[in-house]
Number of protein chains: 2
Amino acid sequence: MAGGALAELAKRRGFFFGANGAYGGTAGFYTFGPQGAALKRNVEEAWRDRFTRKEGNREIEAPTVMPEAVFEASGHLDGFDDMLVECGECGESSRADHLVEDATDFEDAESLSGGAVEDLIHEHDVACPSCGVALAGRDVENFNLMFATDIGPGDAHPGYLRPETAQGIFVEFPRLKEYARGSLPFGITQIGPAYRNEISPRGGLLRLREFTQAELEQFIDPETDEPPLDRVADVDVRLYPADEQAAADGEYRDTTVGEAVADGTIGSAWVGYYLGVAREWYERVGVDMDRFRFRQHLAGERAHYAADCWDAESEVGGDWIEIAGFAYRGDYDLSKHGEHGDDAFTVFKRYDEPKTVERATVDPDMSVLGPEFGGDAAAVADALETLAGRDPGAFEGETVTVEIGEGDDAETHEVDADVANFAVEETTENGEHITPHVVEPSFGVGRTVQTLLAHAYETDEVDGEERTYLALEPEVAPRDAAVFPLVTNDDRLVELATRVADDLRAAGLSVAYDDSGSIGRRYRRQDEVGTPFCVTVDRDGIEGDGPETVTVRERDSAAQVRVPVGELAAELATLRAGGEFVSLSERYDSVETDVETTTN
Amino acid sequence: MAGGALAELAKRRGFFFGANGAYGGTAGFYTFGPQGAALKRNVEEAWRDRFTRKEGNREIEAPTVMPEAVFEASGHLDGFDDMLVECGECGESSRADHLVEDATDFEDAESLSGGAVEDLIHEHDVACPSCGVALAGRDVENFNLMFATDIGPGDAHPGYLRPETAQGIFVEFPRLKEYARGSLPFGITQIGPAYRNEISPRGGLLRLREFTQAELEQFIDPETDEPPLDRVADVDVRLYPADEQAAADGEYRDTTVGEAVADGTIGSAWVGYYLGVAREWYERVGVDMDRFRFRQHLAGERAHYAADCWDAESEVGGDWIEIAGFAYRGDYDLSKHGEHGDDAFTVFKRYDEPKTVERATVDPDMSVLGPEFGGDAAAVADALETLAGRDPGAFEGETVTVEIGEGDDAETHEVDADVANFAVEETTENGEHITPHVVEPSFGVGRTVQTLLAHAYETDEVDGEERTYLALEPEVAPRDAAVFPLVTNDDRLVELATRVADDLRAAGLSVAYDDSGSIGRRYRRQDEVGTPFCVTVDRDGIEGDGPETVTVRERDSAAQVRVPVGELAAELATLRAGGEFVSLSERYDSVETDVETTTN
């Protein structure tokens with residue numbers, strides 16, 4: 001499949017195209033046309049069905065604009081940067097690390113410091129890609145990739161377009177845990193826009209400034225919660241572990257989820273579980289499994305807090321692209337919001353049985369300490385309390401020795417043990433507050449759409465003519481069916497075709513109606529947008545004694561059967577839900593395919 | 001229904017709540033929790049079914065960030081303002097017109113000039129609502145309500161969060177018309193976020209800074225395209241026309257869509273058509289038709305280009321709130337983008353038969369005009385061309401008189417008719433380029449959700465206990481069903497309940513599973529979130545010889561029937577699609593409702 005042909009088809013047929021073309025276009029922003037928006041929505045619905053509904057998880061919808069405090073906590077305000085170099089001549093901004101990678105052997109210039117990149121720009125005479133003037137001597141700056149705005153009048157309340165949907169989940173954890181009645185594990189999902197103000201975006205749907213994510217945050221108790229791994233233990237996966245990537249002759253490891261978790265290739269059972277679920281889901285929506293793999297992050301790619309990370313990657317136009325990430329994030333996210341936010345980002349974990357805990361306490365008699373230690377009395381009392389917690393045995397003698405102050409100011413005091421009023425109390429504790437760990441499967445919806453189109457793009461020959469078609473799964477295809485009157489100069493056909501289209505729409509199907517051009521051209525048009533079934537109303541179907549019939553043509557095989565109108569909606573609904581067209585061929589009469597070339 | 005009780009329920013049960021509570025909250029931003037997000041999504045899906053799928057329209061998805069040029073054209077950059085006054089003492093920003101309305105008898109201060117509002121602030125001693133210091137003497141400024149940001153590094157490319165989804169449709173009209181193969185009428189829809197940087201937002205979901213719109217742009221040829229009005233002619237509507245609002249004893253006009261269009265109460269048949277479609281749709285999703293009306297815009301409310309505008313309004317907490325607008329916008333939007341944008345915002349309208357048109361032309365001999373008129377020669381040539389178009393008869397004599405320049409500089413010249421090379425050509429024209437008109441139904445999704453909750457909120461008594469329940473339509477209720485084991489100390493019940501929940505999820509239903517607390521409490525919990533059907537697994541259902549059965553309880557009546565497990569998914573799917581519970585009562589055994597109070 002040539003990328004150019006697909007991009008041309010995507011634009012011509014209304015899948016997607018660069019936004020605001022009438023105003024010269026806006027780099028990094030795409031609009032999904034009618035076909036693309038429907039395909040994208042169907043992908044989202046299929047994701048929702050699998051990752052929310054079937055898992056018993058809950059979906060929320062949080063705002064896309066969030067206040068600065070959230071991103072101070074998450075680390076995005078400080079760390080969500082790319083390296084920027086601005087041309088002194090023409091003012092063009094470029095990704096400094098990308099320029100260096102293009103000009104040198106470095107493959108990961110992003111991991112270098114700004115100064116090191118400046119040096120490389122100088123050494124390798126890197127020039128501005130726009131005007132060709134040398135960039136040596138220009139500063140390499142960190143450019144924060146969040147879109148900034150002001151909430152309300154003035155600039156007192158900076159806000160940002162969220163760089164990931166996940167923060168809208170993390171920040172509401174204190175409330176979300178209530179809906180789960182404080183009980184782990186539970187999963188929260190969100191599908192929606194996220195933003196990344198790329199310095200110089202390229203690559204169609206692959207690197208956009210506005211894109212759609214489908215994210216699941218699975219909150220777990222790391223000590224006790226286990227995923228239902230047996231459900232996916234036998235799922236075949238093609239893994240590309242870090243050690244194989246590092247090896248000169250690195251190979252894929254074709255294994256199962258169960259084996260890979262058991263032998264430690266996948267470090268977390270929860271990550272393994274979701275790799276299995278994702279593998280099955282990708283196949284269901286139409287990703288070609290010969291062009292799919294799970295690649296483990298190299299140590300340098302991983303965030304410091306992430307114990308194990310895998311990307312789902314698909315092959316598109318000869319390149320492997322990341323279409324989802326699966327990360328074990330530990331307690332990083334909730335701990336950060338717990339530190340910065342004014343609410344409890346923990347859950348209360350009840351012990352199986354209450355625990356009896358001995359706790360040493362003091363209740364110093366200040367009427368004695370005051371006169372004796374003057375201004376140091378409070379410090380002495382504090383020191384007694386600290387000592388009681390650390391070393392209760394120190395209170396067994398007649399006097400207790402405490403140290404107050406630090407370093408050169410440190411002083412040692414003796415206190416009568418009686419004055420401390422030392423005691424050991426027994427308390428019963430029913431549980432403890434723990435910070436849940438997070439396992440995060442994070443999907444790029446646009447990249448999935450791009451993958452499905454690339455993997456569905458096919459050409460063959462029908463009736464002696466070459467054709468292009470998209471072999472999209474019926475579950476995700478933009479339209480469920482198209483309806484045509486064979487000719488428009490026979491009112492009976494037009495009337496019945498209109499009625500059939502209306503009936504199918506009433507049954508909840510998404511239906512195109514087309515009466516323009518030869519029937520062959522109409523089939524090609526639907527083939528190009530991946531409509532799985534075309535329904536044609538012809539004279540044979542309305543003449544004679546039997547019930548009215550129409551022909552139903554399957555996209556990939558171009559095979560046709562004749563189906564009674566009264567049974568059509570139910571048959572198409574079954575096909576959409578995964579039914580096989582061959583089952584219709586067994587029950588209904590076949591139609592010769594040369595009807596395709598009949599002209600209007 | 002008390003607004004406070006509903007807001008409390010909405011927060012406690014996970015419908016919606018102010019966002020970022022852990023960071024002190026962010027005014028104007030709400031998060032939809034699991035129940036609210038599901039309800040909202042179901043409302044969107046019901047809208048899509050009716051306004052996109054069933055109408056044969058097409059939905060697109062455009063970016064939320066758009067470049068400045070778009071809003072220069074649309075008028076939002078200049079005109080999308082509110083009146084702002086900032087307190088000199090505490091710095092609090094307020095809506096100046098709202099303060100004046102609160103302090104005076106003015107009901108529509110927004111229509112006054114900034115100076116007039118400043119005067120009223122002075123006259124009426126209006127004070128800052130935050131600190132109480134007088135605002136007299138402070139400037140009233142226009143504050144643009146778009147959230148501004150910068151696209152890419154630097155500030156060379158200002159962008160804005162779209163104030164309405166509609167612009168994402170208008171701006172892509174040149175491409176969208178291609179997908180419609182240049183043929184009117186066609187409709188494009190979009191559902192997605194829109195933004196309005198309110199000065200001081202209040203009122204929960206009613207006035208948010210980020211909200212969801214569902215908009216339909218119906219593109220028509222105003223001369224020839226008619227809506228299918230007969231489909232909704234008999235739909236009853238309660239209208240509140242402008243003249244009735246103006247009258248002292250103004251009354252609603254209860255009529256039908258067909259009559260209101262025929263007698264001119266509704267000015268546009270297209271607007272009338274969509275009022276009818278909307279009326280039926282609102283009833284379908286659960287708006288109480290006794291608390292619903294269509295209110296016509298007063299002349300002062302309407303944009304100058306809008307010929308007729310109606311709002312759908314619902315009564316919530318004693319106030320009428322706007323939940324949708326229906327406007328005949330003429331060619332305003334496409335004309336503006338046609339003027340500012342670099343593409344054709346027109347369609348080619350083919351004549352039924354080609355027209356032969358006579359066109360007068362001149363081809364002035366500049367070798368004569370040049371020496372004769374010097375620097376005025378080009379102006380004389382232009383004047384000849386203009387004259388030929390306006391008055392071909394002027395070329396019939398030997399000389400032609402033209403005037404160049406304007407006002408005091410005007411000069412009259414005589415030119416030999418031969419020098420003009422006047423001719424009349426016949427050309428054949430197949431059609432003309434016309435700018436389509438736009439009819440825009442625009443729905444607020446959050447306000448619809450708010451209305452549905454308010455109209456569904458009910459209290460009654462079951463088994464001697466008061467209960468609160470949401471009588472939401474099954475099509476939009478957050479969950480399709482809940483599944484409970486009656487008790488958890490019997491593994492057989494837990495096993496079957498788990499299996500039933502999994503089976504229902506596999507069938508595509510959204511299912512809650514709850515095994516905590518008494519069965520009565522579990523029913524109440526589901527009643528409060530509007531789950532229409534609760535399925536309980538009890539011992540009677542698994543003991544004995546027959547097939548396994550469960551009880552199914554209907555929310556509003558609390559009536560219960562016993563249904564075989566094998567028939568459950570199909571029965572619930574039928575109920576969700578609008579089936580009547582009474583049909584189950586006719587076919588299955590009833591269960592006494594005192595099972596509700598059985599404790600776990």
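By convention in this document, chain letters (A, B, ...) are assigned in the order of the sequence lines, proteins followed by strands, and residues within each chain are numbered from 1. None of the values given here were measured: they were computed from a predicted structure.
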Going by heavy atoms in the side chains, are [X] and [Y] under 4.5 Å from each other?
X: A:Pro34; Y: B:Asn57; answer: no
X: A:Glu61; Y: B:Arg41; answer: no
X: A:Val65; Y: B:Thr26; answer: no
X: B:Leu208; Y: A:Pro63; answer: no
X: B:Ile60; Y: A:Phe32; answer: no

Below 4.5 Å from any heavy atom of chain B, which atoms of [X] appear? Answer side chain, backbone, both or neither.
X: A:Phe173; value: neither
X: A:Lys40; value: side chain
X: A:Arg209; value: side chain
X: A:Arg50; value: neither
X: A:Phe16; value: neither
X: A:Arg196; value: neither
X: A:Arg12; value: backbone
X: A:Leu504; value: neither

Self-check item: Test item: A:Asn197 side-chain N/O and B:Ile151 main-chain N/O as donor-acceptor pair under 3.5 Å
Solution: no
Quiz item: Does any N or O in the side chain of B:Thr149 come within less than 3.5 Å of the main-chain N or O of A:Ala148, such that one atom is a donor and the other an acceptor?
Solution: yes
Taking every non-hydrogen pair under 4.5 Å, which of [options] racks up the most with chain B?
options: A:Phe211, A:Phe147, A:Phe345; result: A:Phe147
options: A:Arg181, A:Lys54, A:Glu198, A:Gln190; result: A:Arg181
options: A:Gly341, A:Ala512, A:Gly159, A:Ala501; result: A:Gly341
options: A:Asp502, A:Asp342, A:Ile188; result: A:Asp342
options: A:Pro193, A:Gly56, A:Gly21, A:Pro174; result: A:Gly56
options: A:Leu176, A:Asp514, A:Thr212, A:Leu84; result: A:Asp514

Self-check item: Contact summary for B:Val171 and A:Ala22, nearest pair of heavy atoms
Solution: O-CB, 4.3 Å
Practice problem: Search all heavy atoms of B:Tyr179 against all heavy atoms of A:Gly14 and return the closest pair with its distance. | Solution: CZ-CA, 3.2 Å
Practice problem: Say whether A:Thr64 and B:Glu210, considering side chains only, have a donor N or O and an acceptor N or O under 3.5 Å apart. | Solution: yes
Exercise. For the residue pair A:Tyr23 and B:His340, confirm or rule out a side-chain donor-acceptor distance under 3.5 Å.
Key: no
Find the one option among [options] whose heavy-atom pairs under 4.5 Å with chain A are most numerous.
options: B:Thr52, B:Thr189, B:Leu161; result: B:Leu161
options: B:His337, B:Gln35, B:Gln167, B:His157; result: B:His337
options: B:Val511, B:Asp49, B:Asp150; result: B:Asp150
options: B:Ser93, B:Gly152, B:Ala577; result: B:Gly152
options: B:Pro153, B:Ala37, B:Ala62, B:Ala69; result: B:Pro153

Quiz item: Can A:Arg175 be said to sit on top of B:Phe17's aromatic six-ring, NZ or CZ under 6.0 Å from centre and within 45° of the ring axis?
Solution: yes
Practice problem: Look at atom CG of A:Asn142 and say whether more than 12 heavy atoms of other residues, nucleotides or ligands are closer to it than 6.0 Å. | Solution: yes
Quiz item: Atom CG in B:Asn20, atom CG in A:Asp343: separation rounded to 0.5 Å?
Solution: 12.0 Å
